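Working notes, structure below.
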Amino acid sequence: MNEQAVRWLILVIKLPAEPSRHRVAVWRELRRIGALSLGQGIWAVPEVPVFTGGVQRALELTESAGGQAVALQASGRSEQDAARLRDMFTAARSADWTEFLADCGKFEEEIAKEIRIGKFTLAELEEEEQSLERLRRWHRDLTARDVFGAPEAAEAAARLKHCTAVCEHYSERVFSALHSTDEAAS
């Protein structure tokens, strides 16, 4: 794909200083959708459908807070500018994937700890399944906004599959422990 063919939405947002909750709400929405901060109140996203809803919410939040927002269409002035913007966006997605991978590691460590201490309860299993579901949602969201394909995406997909397998193994251990306890009591 020609670098200059990528169109961007540039959002210029100005909000009142107080109350700060409005600035925080807009900032959170833009961060949630993966917008790239280019400077004070200036954000960019590729102009693709996955960002439409979040951009609209950020604009509505801005206007309801008494702020001003301007949305502009842009592309790189040169191939180098277009590549630089794309690289900045992809670097931000790489950072997101790195954080995701770290959380996968925490998930795996948590289950390893539960196995090590022999905590095979339905309550703990339910908690781990909820954590896995959170990882799945996060992966789905990151995949949707990683429009240029950060290099860490493939590793993240493989790691999520591994987390799923680890949770399935833990689930089998929980049910095995519960059934052996039931049989011992009979």
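Treat the numbers as computed from the prediction; the structure is a model and nothing was measured. Note that the numbering runs from 1 along the sequence shown for the chain.
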**Message:** Would you say that Phe51 contacts Val147 through its side chain, given a criterion of any heavy-atom pair below 4.5 Å between the two side chains?
**Reply:** yes

**Request:** May I ask you to test the Phe148-Arg86 pair for a side-chain heavy-atom distance under 4.5 Å?
**Result:** yes

**Prompt:** Under the ring-ring contact (aromatic ring centres under 6.0 Å, His included) test, which residues partner Trp97, sequence neighbours left out?
**Reply:** Phe100, His139

**Side chain to side chain, Leu61 and His22, heavy atoms closer than 4.5 Å** = no

**Prompt:** Under 4.0 Å between a Lys/Arg side-chain N and an Asp/Glu carboxylate O for Arg32 and Asp141?
**Reply:** no

**Prompt:** In terms of hydrophobic clustering (I, L, V, M, F, W, Y; side-chain heavy atoms under 4.5 Å; direct or indirect links), are Ile111 and Leu101 co-clustered?
**Reply:** no

**Complete:** CH2 of Trp27 to CZ of Arg31, rounded to nearest 0.5 Å, is 5.5 Å

**Complete:** Here the gap from Thr164 atom OG1 to Arg159 atom CZ, rounded to the nearest 0.5 Å, amounts to 12.0 Å

**Request:** Carefully, step by step, assess Leu59 and Leu11 under the rule side-chain contact (heavy atoms from CB on, under 4.5 Å).
**Result:** CA-CA 9 Å; Leu59 295 174; Leu11 307 174; 4.3 Å; yes

**Approximate separation, where rounding is to 0.5 Å, of Lys113 NZ and Glu108 CD** = 15.0 Å

**Minimum heavy-atom distance between Ala44 and Leu38, given as atom pair plus value** = CB-CD1, 3.7 Å

**Item:** Residue pair Phe107, Cys167: steps toward the side-chain contact (heavy atoms from CB on, under 4.5 Å) verdict
**Value:** CA-CA 9 Å; Phe107 176 81; Cys167 192; 3.9 Å; yes

Which pairs would a plain distance check flag for residues 125-134, meaning a side-chain donor or acceptor within less than 3.5 Å of a matching protein atom at least two apart in sequence or in another chain?
{"unit_1": "Ser131", "atom_1": "OG", "unit_2": "Glu127", "atom_2": "O", "d": "3.3"}
{"unit_1": "Arg134", "atom_1": "NH2", "unit_2": "Asp103", "atom_2": "OD2", "d": "3.3"}

**Item:** Test: Arg93 cationic atom under 6.0 Å from Phe89 six-membered ring centre, within 45° of axis
**Value:** yes

**Complete:** Output for pair (Leu30 CG, Ser37 OG), nearest 0.5 Å, gives 9.0 Å

**Prompt:** Ala65 and Pro16: which non-hydrogen atoms are nearest, and at how many Å?
**Reply:** O-CG, 3.5 Å

**Complete:** Here the pair of heavy atoms bringing Asp146 nearest to Ala153 is OD2-CB, 3.7 Å

**Asked** Within a strict 4.5 Å, meaning less than it, do heavy atoms of the His169 and Ile115 side chains meet?
**Response** yes

**Request:** Kindly determine whether Glu110 and Glu124 satisfy side-chain contact (heavy atoms from CB on, under 4.5 Å), including the steps that lead there.
**Result:** CA-CA 10 Å; Glu110 174 66 20; Glu124 188 60 38; 3.6 Å; yes

**Request:** State, yes or no, whether a side-chain contact exists between Asp96 and Arg145 at a heavy-atom distance under 4.5 Å.
**Result:** yes

**Asked** Do you know which two heavy atoms are closest between Ala69 and Ile13, and how far apart they sit?
**Response** CB-CG1, 4.3 Å

**Asked** Between atom CD of Glu29 and atom OG1 of Thr62, what is the distance when rounded to the nearest 0.5 Å?
**Response** 10.0 Å

**Item:** pair Tyr170-Val166: side-chain heavy atoms closer than 4.5 Å
**Value:** no

**Prompt:** Where do Val70 and Lys14 land on the side-chain contact (heavy atoms from CB on, under 4.5 Å) test, with the steps shown first?
**Reply:** CA-CA 9 Å; Val70 176; Lys14 186 173 183 180; over 6 Å; no

**Message:** Within the 4.5 Å heavy-atom criterion, are Leu178 and Leu122 side-chain neighbours or not?
**Reply:** yes

**Fill in**
For Ser94 and Ala150, the nearest pair of non-hydrogen atoms, with its separation, is OG-CB, 3.6 Å

**Asked** Are Val55 and Val24 connected in a single hydrophobic cluster, I mean Ile/Leu/Val/Met/Phe/Trp/Tyr linked by side-chain heavy atoms less than 4.5 Å apart?
**Response** no

**Prompt:** Under 3.5 Å, side chain of Ser64 to main-chain N/O of Glu60, donor-acceptor pair present?
**Reply:** yes

**Request:** Would you give the length of the straight line joining atom CD1 of Ile10 to atom CG of Leu85, rounded to the nearest 0.5 angstrom?
**Result:** 6.0 Å

**Complete:** When every non-hydrogen atom of Cys163 is compared with those of Leu135, the smallest separation belongs to SG-CD1, 4.3 Å

